[in-house]
Peer 1: 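Sharing a structure with you now.
The sequence lines fix the lettering, A, B, ..., with proteins before strands; numbering per chain opens at 1. Values below: all heavy atoms of this structure, side chains included; hydrogens, waters and symmetry mates excluded.
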Amino acid sequence: MTHKSQATRYDQLTPSQRKAVFHIEGPLLVLAGPGSGKTRVITHRIVALIDSGVNPHNICAITFTNKAADEMRQRANALGSSAGAHISTFHSLCVRILRRYADKAGIKPNFSIYNDSDQASCMKQAVKDCELDTTNFPPARMLDAVSTLKNKLIDAEHFGSDADDFFSKTLAKIYIRYQSILSEQNGLDFDDLLMKTAFLLKGHSDVRNELGERFKFLLIDEYQDTNHAQYEIAKALVSSHSNICAAGDPDQSIYRWRGADIRNILNFEKDWPDATVVKLEENFRSRPEILQMADSLISLNQNRKQKKLIPTRPPAADIVITEFEDEQEEAEGIAQKVRQLTDPSFRGGKLVPAKAGGKSLRDIAVFYRVNSMSRALEEAFIRNKIPYQIVRGTEFYNRKEIRDLLAYLKILVNPSDEVALLRIINTPARGIGKTTVDRVRSYAVLNNITLFDAFKKAGDIESLSKAPKAKIAAFVEMLERFKKDVAGKVAPLIEHVFTESGLRKSIQSDDSALENVNELISAAAQYDRQAEEPALLDYLQQIALFSDADAYDASSDRVAFMTLHAAKGLEFEDVFIAGLEDGLLPHERSNTDDDETEEERRLFFVGITRAKAGLYISYARYRTVRGQLQRTIPSPFLFELGTEFTESDNVISSATSVIPAQAGIHCFAAGELVRHKSFGLGRVKEFIDMGEDSIVKVRFNTGQTKSIMLKYANLSRINDI
DNA sequence: CATAGCCGCCTTTTT
DNA sequence: GGCGGCTATG
């Protein structure tokens, strides 16, 4: 094996990066801005720990997504070798811990992991069991409330005993029932994985010590997005040695709605008073114009620690803000701009090309606030024959045919999984209808056995007639046959179940469904090759934790479409951010308080700082929302990008895209007196003619000089009044 | 018991 | 605009 000398390996690190890498013992906080090489630092740190004699087996690194874990593993191996180090997400780590200490955690190791639609069906049942109306207690809301409680490590019993008002008392009842439904089925939801692990560690000092021995060094990336449960788990894991290294950026905290608590990172130094703090403020990614814009935006957040964005690259950014008529035109405009960037022979389009094309599609991404916005983009890219990928991993596993097939597999591993059983009992149709299922169900309740056991004993159920009994017997027999083949590789088993269950036959005329199943089988084969010891249980628990961002394939030469949330941690040469409209970004549903608005601002900040050189922000005057064409209002964030640019030449630097001026927008000459709605009277210093995107530099009587985009500013000539 | 068709409900972001 | 669930019908 070739081994790079340590000197060359660490040579390229800046002094602060080196400090973060080589500061070995004790608590360490890496406060890292975007593009500062944070992940690289963590990776180097893993290698440095190993170089200094730490056994890789004693290192645990936690990343935000599985994808990030894979990449970190690969990079660490490229630098030296990290074989044996545990690198995974919080959730995957919890699955491993819970499987290992299942009895102490009060669960069975073959648990099913319930995703949100599984959770929804359990919650619905819970609300019904409590004899409550699902209109007054919508399952989705209840799930939200329960999730919040779990993330705060408040279990059903404690919440119930503290509840004093009607709503809390009712919620407590629902929470308790929901938890018992889950445990009857040996199922854990995403939040349970964290909560159960946190409680396990809290209640068992032996487990804590054992894991403290195992993981002598803990590294956590994206620490700003950890929730309370994760925080407690981290604290417990390092309680015996305090070798915790947390890295993150408070300005990139975008998961508050999911329980992420920004205080975890802000209070790190209080939690570990002897912590070393390393700031990484240099940015190696973006052109300075982009950083200036990002900084101007994020500076408006009140609840924030001041941090610099120090550019290291020379200026040469291409920044454009464009208005489009509607989302179709926006998508078309983006597609054409992509052609300009990538195809040297392309000269068409509404936008004037910045420079000759020739860039790779893989270096370009389009971000948006909500998934539904991908549709118009897809259509435009198909029209323009531009290859793209939609980064949405969970979508695949949510397809009906995939979920049906996986439900068969889940039953084999965990027969108590009622959600899975009910899904497949009559899929494909085998004559076991609702009436039959209800009868078996009452039998199960009456005899206090699982639904699956009741099906096994269907012969004894008096309310069932001969025909359904025979059909049930055939179904149970089929599952028993499958069970014999459970051990070993997963892909052949899936193939077998697909055929024998009758699923293949039932979807044989649906090409896309068949294709999806084939994809599932090849992905499973991939798992079989990679896993040390392929096992169905492990496979199912792994794919349950598959995330949207995990679907991103950096190696394929296609433009990536993704939500702003999924963009975290990535970087691209050219970035498009679509739909900068009030109500979309910031989203209308996050307008209840200032904290939420600040989070939306951070989300935009994350999007902007993904761009290395090209940043194309756009909005549409009209957008179809839920089938309704609506007039839009430009996002207030658009006004926040340039206000700090008063002394620079342009708000829009190197802007090459010019939209034809709209009727009604007129030119201003230097020296003219103008009035602005909020800034009052001023005198025009300069007019930068960019058609509809024209900018007026005005020195106001307040003494401030502002660059204002004409189309946003309600600017009037003083003699017009 | 299966199927089609209709109605009403939700609809931000996701491990 | 999309899906789950309910109902009417075969």
Side-chain angles (χ1 to χ4, degrees), chain A residues 62-69 88-95 113-117 119-121 124 134-135 138-141 143-144 147 150-151 188-195 197 222 225-227 229-230 253-260 367-376 391-395 397-400 425-438 465 467-468 471 506 541-551 562-568 579 583-592 596 599-600 602-604 606-607 624-629:
Chain A
I62 295 174
T63 56
F64 197 70
T65 62
N66 298 298
K67 186 100 205 161
S88 79
T89 65
F90 250 114
H91 287 259
S92 297
L93 175 67
C94 289
V95 166
I113 299 172
Y114 282 177
N115 70 6
D116 33 359
S117 66
Q119 289 176 47
S121 84
K124 222 164 152 186
T134 47
T135 24
R141 287 267 192 76
L143 274 175
D144 231 41
S147 173
K150 286 184 179 179
N151 287 156
L188 300 182
D189 65 21
F190 290 124
D191 303 316
D192 281 335
L193 296 176
L194 302 176
M195 184 171 77
T197 305
E222 308 287 7
D225 277 320
T226 51
N227 63 30
Q230 290 166 328
S253 168
I254 54 177
Y255 283 95
R256 197 181 92 104
W257 52 276
R258 201 174 79 182
F367 303 151
Y368 37 78
R369 180 63 175 83
V370 296
N371 282 300
S372 58
M373 288 170 67
S374 67
R375 200 193 168 102
V391 181
R392 213 184 169 199
T394 51
E395 202 173 59
Y397 288 99
N398 271 329
R399 310 200 85 107
K400 187 187 178 302
I425 184 70
N426 203 28
T427 308
R430 53 172 68 86
I432 307 175
K434 191 177 177 299
T435 324
T436 306
V437 172
D438 282 346
S465 54
K471 286 167 181 165
S506 74
Q541 291 183 341
Q542 270 194 33
I543 61 170
L545 298 176
F546 198 73
S547 75
D548 275 352
D550 295 336
M562 68 189 86
T563 62
L564 285 158
H565 283 91
K568 179 158 110 163
L584 251 188
L585 186 62
H587 197 275
E588 58 186 349
R589 302 266 296 213
S590 47
N591 258 346
T592 51
E596 285 187 339
E599 175 142 317
E600 295 287 304
R602 289 195 292 269
L603 196 52
F604 190 24
V606 166
T624 307
V625 184
R626 280 169 247 150
Q628 294 272 307
L629 188 68

Peer 1: Give a yes or no on whether the ring-centroid distance for A/His565 and A/Trp257 is below 6.0 angstrom.
Peer 2: yes
Peer 1: If we ignore hydrogens and angles and just use 3.5 Å, is the side chain of A/Gln541 paired with the main-chain N or O of A/Val95 as donor and acceptor?
Peer 2: no
Peer 1: Using the closest heavy atom to pick a nucleotide of DNA chain C for each, name whichever of A/Thr624 or A/Lys124 lands nearer the 5' end.
Peer 2: A/Thr624
Peer 1: Could you run down nucleotides 9-14 of chain B 5' to 3' and tag each one B, S or - for protein heavy-atom contact under 4.0 Å?
Peer 2: --BBBB
Peer 1: Output the rounded distance in Å from CG (A/Asn227) to C1' (B/dT15).
Peer 2: 9 Å
Peer 1: Both A/Ala429 and A/Thr65 contact DNA chain B. Which one's nearest nucleotide lies toward the 5' end?
Peer 2: A/Ala429
Peer 1: Has A/Asn66 got a side-chain atom pairing as donor or acceptor with A/Ser88's backbone, closer than 3.5 angstrom?
Peer 2: no
Peer 1: Please report the distance, rounded to the nearest Å, between CG in A/Asp192 and P in B/dT15.
Peer 2: 17 Å
Peer 1: With respect to A/Asp225, which candidate in A/Lys568, A/Arg258, A/Arg602 satisfies the salt bridge (charged side-chain N to carboxylate O under 4.0 Å, His left out) definition?
Peer 2: A/Lys568
Peer 1: Fit a plane to each ring of A/Phe64 and A/Tyr255, take the angle between them on a 0 to 90° scale, and name the class: parallel (under 30°), tilted (30 to 60°) or perpendicular (over 60°).
Peer 2: tilted
Peer 1: Let me spell it out: for each of A/Arg375 and A/Lys434, pick the nucleotide of DNA chain C with the closest heavy atom. Which residue's pick is nearer the 5' end?
Peer 2: A/Arg375
Peer 1: Using only side-chain N and O atoms of A/Asn426, determine if any of them is under 4.0 Å from OP1 or OP2 of B/dA2.
Peer 2: yes
Peer 1: Take the protein atom CD of A/Gln119 and the nucleotide atom P of C/dG4, then report the distance between them rounded to whole Å.
Peer 2: 16 Å
Peer 1: Take the protein atom CG of A/Leu194 and the nucleotide atom P of B/dT15, then report the distance between them rounded to whole Å.
Peer 2: 13 Å
Peer 1: Of all the heavy-atom pairs spanning A/Thr563 and A/Asn371, show the shortest one and how long it is.
Peer 2: CG2-OD1, 3.2 Å
